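Take a look at this one; I'll ask things after.
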Amino acid sequence: MTIRPILIHPDPRLKTVASPVGDITDELRQLGRDMLETMYDAPGIGLAAPQIGVLSRVLVMDCIKEEGAAPRPMILFNPEITWSSEDVSTYEEGCLSIPDQYAEVDRPAEVEVRWIDENGAPREEHFKGLWATCVQHEIDHLNGKLFIDYLKPMRRQMITRKMQKLKRERTRP
Ligand code: ZN
């Protein structure tokens, strides 16, 4: 497995709508495993393919946080939200493409999601709590949307300027 570099906002690839994947090939399974490795290494609880520059509808997540609990690595191909609750919950979100910046975002508290698994089989699951927030955040990435897009323009611009500065610092020899 390979840890892939994570793109930092602003980057046009993070604003692009990703394309659905076709048949689940070994190459796609490898992509999913690399994404999990990259996510755990970061560390994070979710990662979408555009964040490593692959514009395909693939996301990975594992929202198990309890110390000592068994991990639950998930790879979702072509995920789709088929139902959202009217109830809203608010979480302080962050993003591996926007390091060290956090903000409260309101989202439906529960969602039904349909996707294709690593074996090419259709799957469906009802998510709530942190899992529901995470899967919605990652599906947003597949649609070129970031959590800061939910914030007021002033706050969003402030975070974007910080990220531009961070990128300049990182590329300086
Ligand atoms: Zn993110």
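All figures in this text were calculated on a predicted structure; none of them were measured in a lab. Residues take their numbers from the sequence shown, with the count starting at 1. Read the numbers this way: they start at 1 and go in the same order the structure lists the ligands and their atoms.
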Is there a side-chain contact between L55 and R13, using heavy atoms and a 4.5 Å cut-off?
yes
Taking S97 for its side chain and L7 for its backbone only, find out whether a donor-acceptor pair lies under 3.5 Å.
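It does hold such a pair.
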Using modelled atom types and a 3.5 Å cut-off, is there a donor and acceptor pairing between side-chain atoms of D23 and backbone atoms of T25?
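No.
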Group every Ile, Leu, Val, Met, Phe, Trp and Tyr by side-chain heavy-atom contacts under 4.5 Å, then state whether W115 and V21 land in the same group.
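No, because W115 and V21 fall into different hydrophobic clusters, even though each may have its own neighbours under 4.5 Å.
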Let me know which of I75, T2, V60 forms a side chain to side chain contact (heavy atoms under 4.5 Å, CB included) with M35.
V60
Hey, are the side chains of P79 and E138 touching, using non-hydrogen atoms and a 4.5 Å cut-off?
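P79 does not reach E138 side chain to side chain.
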Count, excluding waters, the protein N, O or S atoms that are closer to the Zn ion (ligand 1) than 2.8 Å.
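That number is 3, waters not included.
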